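Treat the numbers as computed from the prediction; the structure is a model and nothing was measured. First listed ligand is number 1; within each ligand, the first listed atom is number 1.
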Amino acid sequence: MNIVLLGPPGAGKGTQALRIAKTYDIPHISTGEIFRRAVADETEMGMRAKAYMNRGELVPDEVVIGIVKERLEGPDCAEGFLLDGFPRTVAQAEALEKELSKSGRELDSGLDIEVGRASLIKRLTGRRTCRACGKVYHLTFDPPQSATTCDACGGELWQRDDDTEETVSKRLDVYEEQTAPLIDFYNERDLLVEVDGERGVDDVFSAVKQLLTA
Ligand code: ADP
Ligand code: ADP
Ligand code: ZN
């Protein structure tokens, strides 16, 4: 199964992606994760991406597209993949389509998780992430036992630099301008699948499973 996850920042893409990847046994490819790792490792690409990320802007298409192309050539992607956070612009979606067609592949679904702005702001500003293992919590909706320590590995929990209220608002505007047009893009290709993301994590996942196997 070849899937892209659409939906605004904070919709629960990462949360659902973990479950989808496990259930369908496909690799979860998060471009946000790839960039955060590159920033932590202080690679050249990471240093370049960091400034855009901290402003709540998108990293330039040519950087992102190159990374994803390379990743999709991985042998683990041959039987399917789940892209989380890519594509985020029409140019990225077009590049993906072209790249897949070169190897005789195509997408099965563009899964859009729909959540309103008020909930997105609450979800993003309350999100806490483990520095060591990457596990994601929410201070209210999925609280860790201690606000500073990961239940799973004992690592330090932190608030992403771009999850502050000011940057969140910018990211939601960028989503509306640059990423929301992908809903039409995939709708025109009959690939769009929409799920109401305002419910609890398990209810959203049940709906996702039904839609993906329908
Ligand atoms: P969220 O989980 O809130 O949707 P991500 O972790 O997917 O956010 O992305 C964090 C940041 O990384 C984005 O705000 C952007 O700067 C950068 N980024 C991630 N994916 C892309 C992409 N496909 N195109 C451009 N920038 C990206
Ligand atoms: P995205 O990858 O789309 O930015 P995440 O999966 O990181 O979103 O979720 C954003 C925040 O919202 C996290 O703190 C997560 O724990 C929380 N969250 C995810 N799904 C739900 C849900 N269905 N209801 C409430 N909170 C959620
Ligand atoms: Zn951890």
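- Tracing side-chain contacts under 4.5 Å through hydrophobic residues (I, L, V, M, F, W, Y), one never reaches L5 starting from V64; they form parts of separate clusters.
- Shown in contact with Y137 at under 4.0 Å from a heavy atom are these atoms of ligand 2, numbered in order with element: 13 (C), 14 (O), 16 (O).
- Q159 and T164 share no side-chain donor-acceptor pair at under 3.5 Å.
- A cation-pi arrangement, defined by a distance under 6.0 Å to the six-membered ring centre and an angle within 45 degrees of its axis, is present between R189 and F185.
- Two residues are said to be in side-chain contact when any heavy atoms from C-beta on lie closer than 4.5 Å; V4 and D84 fail this criterion.
- Comment: D163 engages R171 in a salt bridge, judged by a side-chain N to carboxylate O separation of less than 4.0 angstrom.
- Residues passing the side-chain contact (heavy atoms from CB on, under 4.5 Å) test with E156, sequence neighbours excluded: R131.
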Contacts under 3.5 angstrom, residues 206-214 side chains, donor-acceptor by atom type, not counting sequence neighbours:
| unit_1 | atom_1 | unit_2 | atom_2 | d |
| --- | --- | --- | --- | --- |
| S206 | OG | D202 | O | 3.1 |
| T213 | OG1 | K209 | O | 2.6 |

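- The count of protein N, O or S atoms under 2.8 Å from the Zn ion (ligand 3) stands at 4, with waters excluded from the count.
- For the pair R48 and Y52, the cation-pi criterion (under 6.0 Å, within 45° of the ring axis) is not fulfilled.
- Protein neighbours of ligand 1 below 4.0 Å, counting non-hydrogen atoms: P9, K13, T31, G32, F35, R36, M53, E57, L58, V59, V64, G85, F86, R88, Q92, R127, R160, D162, R171.
- At least one heavy atom of R199 sits under 4.0 Å from some atom of ligand 2.
- For the side-chain contact (heavy atoms from CB on, under 4.5 Å) with D61, the qualifying choice from V63, L58, I65 is I65, the only one to do so.
- Annotation: E198, atom CD; neighbour count of heavy atoms from other residues, nucleotides and ligands within 6.0 Å is above 12.
- In this structure, K22 forms no cation-pi arrangement with Y24, as its terminal cationic atom is not both closer than 6.0 Å to the ring centre and no more than 45° off the ring axis.
- Interface atoms of ligand 2 facing V201, defined by a heavy-atom separation under 4.0 Å, are 20 (N), 21 (C), 22 (C), 23 (N).
- Close approach of ligand 2 to F141 (heavy-atom distance below 4.0 Å) involves ligand atoms 25 (C), 26 (N).
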